[in-house]
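For reference, the structure is listed below as structure tokens.
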Amino acid sequence: MASEASGGLAQTAAVKLSEMGERTKQLGTAIQDPERQRRIILVIVCVALLLDNMLYMVIVPIVPDYLARLESQSENAHATRNASSNRTHYTAHKENFDVQIGVLFASKAILQLLVNPLTGTFIDRVGYDIPLIIGLSIMFVSTCIFAFAENYATLFAARSLQGLGSAFADTSGLAMIADKFTEEAERSRALGIALAFISFGSLAAPPFGGVLYEFAGKRVPFIVLACICLADGILCMAVLKPFSSRTRENMPVGSPIYKLMIDPYIAVVAGALTTCNIPLAFLEPTIANWMEETMHSSEWEIGLTWLPAFFPHILGVYITVKLAAQYPHLQWFYGALGMVIIGASSCMVPACKNFEQLIIPLCGICFGIALVDTALLPTLAFLVDVRHVSVYGGVYAIADISYCVAYALGPVVAGKIVHDLGFVQLNLGMGLANVLYAPALLLLRNVSLMKPSHSERNMLLEEGATGLYDTIRMEERLKKRHGYSSSGNCVPIDENGTFAGKSKSLSEEETSEPECI
């Protein structure tokens, strides 16, 4: 009886294991489906961007208060030694405290700004998956250091390390989206979703961090973010398998980043991205003190200052994606309109007398930023497609540099401007800068008419596929063309990918529909 029972248990266990193996095999097959894999990759990238921006903003309600407590404990410990010298020491620290906080906040963007040219080149050489894993790993370590840091130097190291991780994760993530979603409408939609996650991370992090810090302590919010980062990294390893690919050696070589920087169209886009983010970057470190002085705002009002702006930001992303799908040639106009809205909203901020009035211009700023980002980020990828080689690490490194310029200057320069000139002059200057820059986007009005036949990539494709991404696109395009020809309504194509009776290069066909009879 015992042997029969053990045999039955063994058989049941074998059946269960077989079922688990079959389900795992089915899951693996489902993951390898190109369409599902694209969606999973979008989720991975969006979570990475969400984490980066939450970690960027979650320290706003935590670190100043935590450092102030450390300073207070240090002063109390030395109070019994020498009262007069202690007062002098306290005064010096009080004067330097704001500077220390500003440098700490800016250190992430400064390091990210410095290493982005290198990471952009690295991404173009090795692909997008390995840099994404590197970025998530560095962000995980940085978050853990934040959780257990107990002095300014350790917090500064963690903040700077996060900038290094962001330089890898943000750039490779945006570049991966641009590469996986090749159709302009799909690309705009995917980048719009990524921007929504960026917005949510930036605006929801301060209340998230403030509540957990108040009721659970400093470590808990960082531990939660570290766990999410670890899960995202594991999913990335499972889906992308970054260290098992053998096709990386065949990738096309992207245009050098200095060539992209001197491209006048890319330079105009980069300038717009920097200018439109200056109001947000400069207001974040200064608006809390201004609200306390002019409105006598409570802590909860200061903590929730930017949260209502999340909804118009999402609305701006949605509207721009919809308009871009129907009128793609007006991308420049959406960006210019967004900059005008940002400029007008910035000028309205100093006129607000209470929290309810302040919500309106802040929502306008975030709505305008959504228009600019959603319109111009896909434009960068399109410019690379038609004027350079379709590898996107370098161009999105430039986009990341544009953001970092604003956010590196914000915590350091904004306070100085407010101290020397005033809060009103700061906002008027930022608003005027956006309004004056908007006409520069007129230079992009003919971008949609550009053809890839004059690009470096076209010359490569005329000689055949030279890399992984171009090879994949050529194969997909050939399948589509064969599908069209089988319907009997279009001109057939030969095995070389050209229309019968008319020679046409593959790269020219990529942006045109098949010619129907």
Is the shortest side-chain heavy-atom distance between [X] and [Y] below 4.5 Å?
| X | Y | result |
| --- | --- | --- |
| L42 | I193 | yes |
| I365 | L283 | yes |
| N434 | V340 | no |
| L164 | S160 | no |
| T274 | I401 | no |
| L235 | V47 | no |

Checklist entry - Is the NZ or CZ atom of R387 positioned over Y265's six-membered ring, under 6.0 angstrom from the centre and within 45° of the axis? => result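 Cation-pi check for R387 and Y265: fails.
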Item to check | R159 to F146, cation-pi by 6.0 Å centre distance and 45° axis angle | outcome: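 Not flagged: R159 not positioned over aromatic ring of F146.
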Looking at [X] and [Y], does any basic side-chain N land under 4.0 Å from a carboxylate oxygen?
| X | Y | value |
| --- | --- | --- |
| K259 | D263 | no |
| E186 | K180 | no |
| R187 | D179 | no |

Can you name the closest pair of heavy atoms from [X] and [Y] and give their distance?
| X | Y | result |
| --- | --- | --- |
| C46 | A194 | SG-CA, 3.8 Å |
| L55 | T143 | CD2-OG1, 3.4 Å |
| A190 | I177 | CB-CG2, 3.6 Å |
| Y437 | V268 | OH-O, 2.8 Å |
| P361 | V349 | CB-CG2, 3.8 Å |
| M54 | F208 | CE-CD2, 3.6 Å |

Item to check | Set of side-chain contact (heavy atoms from CB on, under 4.5 Å) partners for F200, sequence neighbours left out | outcome: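 F200: side-chain contact (heavy atoms from CB on, under 4.5 Å) contacts with L50, A204, F310.
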In Å and rounded to the nearest 0.5 Å, what is the [atom1] to [atom2] distance from [X] to [Y]?
| X | Y | atom1 | atom2 | answer |
| --- | --- | --- | --- | --- |
| F282 | I287 | CZ | CD1 | 14.5 Å |
| L432 | M430 | CG | CE | 11.5 Å |
| L362 | I359 | CG | CD1 | 8.0 Å |
| F382 | Q331 | CZ | CD | 10.0 Å |
| I342 | F367 | CD1 | CZ | 10.5 Å |

Side chains of [X] and [Y]: do they bring a donor and an acceptor to under 3.5 Å?
| X | Y | answer |
| --- | --- | --- |
| N151 | T154 | yes |
| K322 | Q326 | no |
| N427 | S346 | no |
| D52 | S166 | yes |
| Y403 | N116 | no |

Next on the checklist: Students often mix this up, so state it plainly: with edges at 30° and 60°, are the rings of H329 and Y327 parallel, tilted or perpendicular?
Outcome noted: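 Because their plane-to-plane angle is over 60°, the rings of H329 and Y327 count as perpendicular.
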Next on the checklist: Would you call the rings of Y407 and Y56 parallel, tilted or perpendicular, taking 30° and 60° as the class edges?
Outcome noted: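 Y407 and Y56: perpendicular rings.
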Next on the checklist: Looking at A149, is its backbone amide N or carbonyl O close enough to the side chain of K218 to form a donor-acceptor pair, meaning the two atoms are under 3.5 Å apart?
Outcome noted: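 It does hold such a pair.
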Next on the checklist: Closer than 3.5 angstrom, by distance alone: can the side chain of Y128 be matched with the main-chain N or O of Y392 as a donor-acceptor pair?
Outcome noted: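 Flag set: sc Y128 to bb Y392 pair under 3.5 Å.
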